[in-house]
Undergrad: 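So that we are looking at the same thing, I have put the structure below in structure tokens.
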Amino acid sequence: MTQISPHAEAALICTLDERSLYLRRLVLGSVRSAGRGHVGPALSLIEMVRVLYDDVLRIDPKNPHDPNRDRAILSKGHGCLALYALLADRGFFPLSELDGFCGPDSILGGHPEYGMVPGVEASTGALGHGLSIGVGLALAARMRERSYRTFVLLGDGEINEGSVWEAAMGAAKHGLDNLAALIDYNKLQSYGPTDYVLPLEPLADKWRSFGFAVQELNGHDVGALRTVLNKSRPFRANPPRSSAIPSRARVCRRRNPTPIGITRTS
């Protein structure tokens, strides 16, 4: 019997438009040139990264260090090919750089590196640290009275890491309503299905218990992602909270709230 991966099954539910297909071609072209790369983790992120960079983030490729820019952190750094495709397409660096992915002289490594790749906000790949960095950036924005927002994209296997939940507690304590987390809930990690390695359910309830406001949606549904992520601006709620959005996405916002989204690609 033929088995379809959870990621592929979720993608089939949505009709991918030409932009999504184009971005996938960029990812696969980089893999073909390099002979390596994490394909699945990148493809499961395409629409989430696309909507952030096309429709949500206040950024300027000509001024990537603008102190008032929004920040996006790809905590699951092994999905970097999706990020590289968007950054190149938006003009942070030439598209031709994608052909040198993982080459000896390339700026594009197997995990994103801050200071090396224009538009990358944090060096990631050692999993479990992105949300902590995001909490720090969100706190810095408040202390400096700046209006930028911080978005963190996490993998579902990554949230096995205890440091993620420490960061979630910190976000709740400080009422970081300028912080959003997106969880790519594709139900696969390097050792196998997440339910086999370390079951995550009830995932949305876990985030709610940490004080996040949560929404769930299909992580390949561009329209749904636009609706949810644009609703999260300017994140204000009464009281403030963080948000989370997983893929079949869940979006959660903290009650003081920080939003979290869980996007399910399954």
Undergrad: State whether the side chain of Lys206 and the backbone N or O of Glu201 hold a donor-acceptor pair below 3.5 Å, judged by distance alone.
TA: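 Answer holds: yes.
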Undergrad: How would you list, by chain and number, every residue that makes a ring-ring contact (aromatic ring centres under 6.0 Å, His included) with His78, sequence neighbours excluded?
TA: His38
Undergrad: Hey, what do you get for CZ (Arg146) to CG (Asn178), rounding to the nearest 0.5 Å?
TA: 13.0 Å
Undergrad: Between the side chain of Thr194 and the main-chain N/O of Leu188, is any donor-acceptor distance below 3.5 Å?
TA: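 No; judged by distance alone, with no hydrogens or angles, the pair does not exist.
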Undergrad: Do the side chains of Val51 and Val222 get nearer than 4.5 Å, heavy atoms only?
TA: yes
Undergrad: Can you give me the closest heavy-atom contact between Ala42 and Ala82, atom names plus distance?
TA: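 Shortest heavy-atom contact: O-CB, 3.4 Å.
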Undergrad: Are Leu23 and Phe93 co-members of a hydrophobic cluster defined by side-chain heavy atoms under 4.5 Å apart?
TA: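 They do share one cluster, since a chain of ILVMFWY contacts under 4.5 Å joins Phe93 to Leu23.
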Undergrad: Has the side chain of Glu121 got a donor or acceptor atom that lies under 3.5 Å from a matching backbone atom of Arg71?
TA: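 Between the backbone of Arg71 and the side chain of Glu121 there is no qualifying donor-acceptor contact (under 3.5 Å).
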Undergrad: Is there a continuous path of hydrophobic side-chain contacts, each under 4.5 Å between heavy atoms, that joins Met169 to Leu203?
TA: yes
Undergrad: Is there a side-chain contact between Leu137 and Val135, using heavy atoms and a 4.5 Å cut-off?
TA: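 No, every pair of side-chain atoms sits at 4.5 Å or beyond.
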Undergrad: Check whether any side-chain heavy atom of Leu225 lies under 4.5 Å from a side-chain heavy atom of Glu47, and answer yes or no.
TA: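 A side-chain contact exists here, since the closest heavy-atom pair is under 4.5 Å.
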Undergrad: Anything under 30° is parallel, anything over 60° is perpendicular, the rest tilted; go ahead and classify Trp207 against Phe212.
TA: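 Trp207 vs Phe212 ring planes: perpendicular.
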Undergrad: Can you tell me if Asp89 uses its side chain to pair, donor with acceptor, with the backbone of Ala85 under 3.5 Å?
TA: no
Undergrad: Could you tell me the separation between the CD atom of Glu161 and the CG atom of Leu198, rounded to the nearest 0.5 Å?
TA: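 Result: 10.5 Å between the selected atoms.
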Undergrad: Once you round to the nearest 0.5 Å, how far does CG of Leu127 lie from CG of Asn160?
TA: 9.5 Å
Undergrad: Heavy-atom count check: over 12 atoms from other residues, nucleotides or ligands less than 6.0 Å from Arg36 CZ?
TA: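 For Arg36, atom CZ is not crowded (no more than 12 foreign heavy atoms under 6.0 Å).
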Undergrad: Using every non-hydrogen atom in the two residues, find where Val164 and Leu131 come nearest and quote the distance to one decimal.
TA: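 Scanning both residues, the minimum pair turns out to be O-CD2, 3.6 Å.
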Undergrad: Measure across Phe92 and Gly119 and return the closest heavy-atom pair with its distance rounded to 0.1 Å.
TA: CD2-CA, 3.7 Å
Undergrad: May I ask whether Tyr114 and Leu153 are part of the same hydrophobic cluster, defined by side-chain heavy atoms of I, L, V, M, F, W, Y residues being less than 4.5 angstrom apart, directly or through others?
TA: no
Undergrad: Does the side chain of Ser147 reach to within under 4.5 Å of the side chain of Arg58, using non-hydrogen atoms?
TA: yes
Undergrad: Any side-chain heavy atom of Arg50 within less than 4.5 Å of one from Arg226?
TA: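 Touching, per the 4.5 Å side-chain cut-off.
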Undergrad: Would you find a donor on one side and an acceptor on the other, under 3.5 Å apart, between the side chain of Ser75 and the backbone of Gly130?
TA: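 Yes, the answer is positive, given that a donor and an acceptor are paired below the 3.5 Å cut-off.
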Undergrad: Do the side chain of Asp70 and the main chain of Arg149 share a donor and acceptor less than 3.5 angstrom apart?
TA: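 Here the side-chain-to-backbone pair exists.
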Undergrad: Which atom pair, heavy atoms only, marks the closest approach of Ser163 to Gly128?
TA: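 Residues Ser163 and Gly128, closest heavy atoms: OG-O, 2.6 Å.
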Undergrad: Do Phe151 and Ile73 have side-chain heavy atoms sitting under 4.5 Å apart?
TA: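 SC-SC contact between Phe151 and Ile73 ruled out.
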Undergrad: Are the side chain of Asp184 and the backbone of Leu154 linked by a donor-acceptor contact shorter than 3.5 Å?
TA: no
Undergrad: Yes or no on side chain to side chain contact (heavy atoms under 4.5 Å, CB included) for Arg25 and Leu28, after CA distance, side-chain angles and deciding distance?
TA: CA-CA 5 Å; Arg25 287 194 290 269; Leu28 295 175; 5.8 Å; no
Undergrad: Measuring from atom CG of Leu43 to atom NE2 of His220, what distance do you get when rounded to the nearest 0.5 angstrom?
TA: 8.5 Å
Undergrad: Examine Tyr84 and Leu26 and state if one hydrophobic cluster contains both, with Ile, Leu, Val, Met, Phe, Trp and Tyr joined whenever side-chain heavy atoms are less than 4.5 Å apart.
TA: yes
Undergrad: Which heavy atom of Gly109 sits nearest to which heavy atom of Cys80, and what is that distance?
TA: O-SG, 3.8 Å
Undergrad: Less than 4.5 Å apart, side chain to side chain, heavy atoms only: is that true for Leu45 and Leu74?
TA: yes
Undergrad: Donor-acceptor pair, distance only, cut-off 3.5 Å: does the side chain of Ser33 make one with the backbone of Gly29?
TA: yes
Undergrad: Is the side chain of Arg32 donor-acceptor paired with the backbone N or O of Val27 at a distance under 3.5 Å, no angle test?
TA: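 Not confirmed, Arg32 side chain does not pair with Val27 backbone.
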Undergrad: So, taking the atom named CZ in Phe210 and the one named CD in Glu166, what distance separates them when rounded to the nearest 0.5 Å?
TA: 9.5 Å
Undergrad: Which atoms form the tightest heavy-atom contact between Gly134 and Val152, and what is the distance?
TA: CA-CG2, 4.0 Å
Undergrad: Please identify which of these residues, Leu108, Ile107, Leu83, meets the side chain to side chain contact (heavy atoms under 4.5 Å, CB included) condition with Val120.
TA: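 Per the side chain to side chain contact (heavy atoms under 4.5 Å, CB included) rule, the option paired with Val120 is Leu83, out of Leu108, Ile107, Leu83.
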Undergrad: Run the side chain to side chain contact (heavy atoms under 4.5 Å, CB included) test on Thr124 and Glu113 for me, step by step, so that the C-alpha distance in whole Å, both residues' side-chain angles and the decisive distance to 0.1 Å come before the verdict.
TA: CA-CA 7 Å; Thr124 56; Glu113 186 174 344; over 6 Å; no
Undergrad: What I want to find out is whether Asp156 reaches Lys76 closely enough, with some N-O distance under 4.0 Å, to be called a salt bridge.
TA: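 A salt bridge is absent here (no side-chain N lies under 4.0 Å from a carboxylate O).
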Undergrad: Same cluster or not: Tyr22 versus Leu52, using hydrophobic residues (I, L, V, M, F, W, Y) connected whenever any side-chain heavy atoms lie under 4.5 Å apart?
TA: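 Yes, Tyr22 connects to Leu52 through the hydrophobic network.
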Undergrad: Return the NE2 to OG distance between His111 and Ser123, rounded to the nearest 0.5 Å.
TA: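 Rounded to the nearest 0.5 Å, the NE2-OG separation comes out at 11.0 Å.
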Undergrad: With a 4.5 Å cut-off on side-chain heavy atoms, are Asp60 and Arg69 touching?
TA: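 Arg69 vs Asp60: side chains apart.
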